[in-house]
Amino acid sequence: MLQNKKFYKHALEAQRVPLPEPLAPNYIDNLHEIFFEQIFERIDYISDQVRMARAYPQFLPQVLRIWQKRWHFRIVGPNTPFLGLLDIEDYVFFMENMASRFTELHVHEDGVGSFAEFYDYIRHLCDINILRFPNVESCVLGGNPNTMVDEDIRDLTAMLPNLKRLTSCMNLSGLYIRGFRKLEQLVFKSMYHSVPLDSRWIQEICLSMTQLRVLDITDSFDSCVRLHDIKLPNLEVLKINLSTVECMLSQVLQLPKLRKLAVRFDDSRQLHADQETIFQQIIVAKSESITRIALNNEVVQLPARWQHSLLLELPKLRALVCENWYHDVFFLDNRHIPCSQMKVLSFSGWETVRENQLLELVAECTQLTQLALNGYHSNSDKLQKLEQIRSMERNAKPLQVFSEVMWTQMHPNEYHYWRCNKHVQVTCDGSDYEYQEDGFEFDFV
């Protein structure tokens, strides 16, 4: 019993003994890290950086932090000299340590070797089943469009398990694209005439990839894709050719979350006179939800009477971009459009717009914030008259006036004045007027 009391006494005393002071930071080690980082950041070539990182593994955390800050995304592919990594072991070291840190991936193919053979070699050297990029959500496939095949896409579906955005400039059929289970944005950019998108695989994409929010299968020439149905409940943006969409237009217009529909007229369809049919069908079917209409009259070639469709009730219309209108009929007035609610208007490329028509238009559109002028009215005199009108509006936002030639006709001081004017401001930003210039575009609420 006495021994037990003695034991507890020593135990209590031991608890009262103050803990030793924490060890002072090892300033020598810190200095080593600082010196190493300063030296490392002065190395210009990544090949030399990799070799230094391999030679000093104790500094690998600092190296990876520097690389992650410097390499937000990486261009990878069979053409390793493009990276500056001529040694395959250096390349493997870099990829093994950085694969989990990439958020965006560019696969650049230029015909130097095969994509599949290259990554088989990488996997063999890495001694892993497959090289994965778990944090990559965006991927661009570029380079020579004929060097990648569908089987390469199958490999990529395993390498990029969490991919959300894919842009392809390759000549692919669409096979295996469904393997990207989390894909939300799919864009096929046809940069050459031979784009062998296969209707079977594109149809499967349109029926099964229900998580897609953006789908662009626009062919810059004539599309061979023919679809009969689309069931994408989350799709917000659809860009497509006329010959592809016309057989399933009713299904497209029933998509519950569709916010933008851009239709390109195939090259062989741009010279016919019956092209207003599908345009009118969309206006009639979606009149209650149309917020923006954009078209190029040189391509669509609508007759002068087309504006009568605007007489339909369009309660949500806010933007109208009609370029290259060559008819004498001027329809940008309160008889044809809801002027009081318009915010964006363009008559870029119009042949005939009288000054009184322009000024009356701006006076009637009190909510207008964006206006694109044709070349004839792109001068300081018109800006002064527009300023007089806008200055009479109470609490009106500045009117942003866009013209492709305005800035070339002004003295720098004059241009600066109109850039900073309180009521009317010139701008070089034409993003509000961008659309499918080889066809038309609708925005929906």
Say you draw a straight line from [atom1] of [X] to [atom2] of [Y]; how long is it, rounded to the nearest 0.5 Å?
X      : Y      : atom1 : atom2 : result
Thr167 : Leu186 : OG1   : CG    : 8.0 Å
Lys189 : Met170 : NZ    : CE    : 14.0 Å
Tyr176 : Asp155 : OH    : CG    : 9.5 Å
Glu393 : Leu399 : CD    : CG    : 10.5 Å
Asp266 : Ser220 : CG    : OG    : 10.5 Å
Leu368 : Ser340 : CG    : OG    : 12.0 Å

Would you say [X] has more than 12 foreign heavy atoms packed within less than 6.0 Å of its [atom1]?
X      : atom1 : value
Lys382 : NZ    : yes
Tyr326 : OH    : yes
Glu404 : CD    : no
Lys286 : NZ    : yes
Arg226 : CZ    : yes

Is Arg154 salt-bridged to Asp150, going by a charged N under 4.0 Å from an acidic O? no
Run the salt-bridge test on Glu236 and Arg213 with the 4.0 Å N-O cut-off and return the result as yes or no. yes
Please check: side-chain N/O of [X] versus main-chain N/O of [Y], any donor-acceptor pairing under 3.5 Å?
X      : Y      : answer
Asp152 : Val149 : yes
Ser168 : Leu141 : no
Asn135 : Arg101 : no
Gln341 : Gln367 : no
Asn234 : Thr210 : yes
Arg264 : Asp222 : no
Arg354 : Thr352 : no
Trp350 : Cys322 : yes
Arg178 : Met209 : no
Gln211 : Glu184 : no

For [X] and [Y], does a side-chain donor sit closer than 3.5 Å to a side-chain acceptor?
X      : Y      : answer
Gln370 : Gln400 : no
Ser431 : Asp429 : yes
Asn413 : Tyr417 : no

Contacts of type salt bridge (Lys or Arg N to Asp or Glu O under 4.0 Å), residue Glu441, not counting sequence neighbours: Lys260, Arg292
Using side-chain heavy atoms (C-beta onward) and a distance below 4.5 Å, is [X] in contact with [Y]?
X      : Y      : result
Leu255 : Ile230 : yes
Leu64  : Met98  : yes
Ile217 : Leu227 : yes
Leu249 : Ile282 : yes
Asp216 : Phe188 : no
Leu166 : Gln185 : no
Leu175 : Ile153 : no
Gln49  : Ile66  : no

With Ser223, the side chain to side chain donor-acceptor pair (under 3.5 Å) member among Thr244, Asn241, Asp267: Thr244
Matching residue for His377 among Leu359, Val353, Leu386 - test: side chain to side chain contact (heavy atoms under 4.5 Å, CB included): Val353
Restricting to non-hydrogen atoms, name the atom on [X] and the atom on [Y] that form the minimum distance, rounded to 0.1 Å.
X      : Y      : answer
Arg132 : Ala99  : O-CB, 3.4 Å
Gly174 : Ile205 : O-CD1, 4.1 Å
Gly349 : Asn374 : N-CB, 3.9 Å
Cys365 : Met342 : SG-CB, 4.3 Å

Side chain to side chain contact (heavy atoms under 4.5 Å, CB included) assessment of Leu295 paired with Glu323: CA-CA 6 Å; Leu295 68 112; Glu323 297 195 336; over 6 Å; no
Under 3.5 Å, which donor-acceptor pairs do the side chains of residues 37-45 form with other protein atoms, sequence neighbours left out?
{"residue": "Glu37", "atom": "OE2", "partner": "Arg65", "partner atom": "NH2", "Å": "2.6"}

May I have the step-by-step check of side chain to side chain contact (heavy atoms under 4.5 Å, CB included) for Asp90 and Ile46, ending in yes or no? CA-CA 10 Å; Asp90 289 344; Ile46 187 174; over 6 Å; no
Whether Phe59 and Phe36 hold their rings parallel, tilted or perpendicular, with breakpoints at 30° and 60°: parallel
Just say parallel, tilted or perpendicular for the rings of Phe442 and Phe440, cut-offs at 30° and 60°. perpendicular
With a 6.0 Å cut-off on the ring centroids, do Phe347 and Phe331 count as close? no
Going through the distances and angles, do Leu317 and Ile293 end up as a side chain to side chain contact (heavy atoms under 4.5 Å, CB included)? CA-CA 8 Å; Leu317 187 66; Ile293 302 174; 4.1 Å; yes
Not counting sequence neighbours, which residues clear ring pair (Phe, Tyr, Trp, His ring centres under 6.0 Å) with Phe402? List them please. Tyr433
Would Leu235 and Arg259 count as a side chain to side chain contact (heavy atoms under 4.5 Å, CB included) here? Give the steps. CA-CA 8 Å; Leu235 194 67; Arg259 296 294 177 266; over 6 Å; no
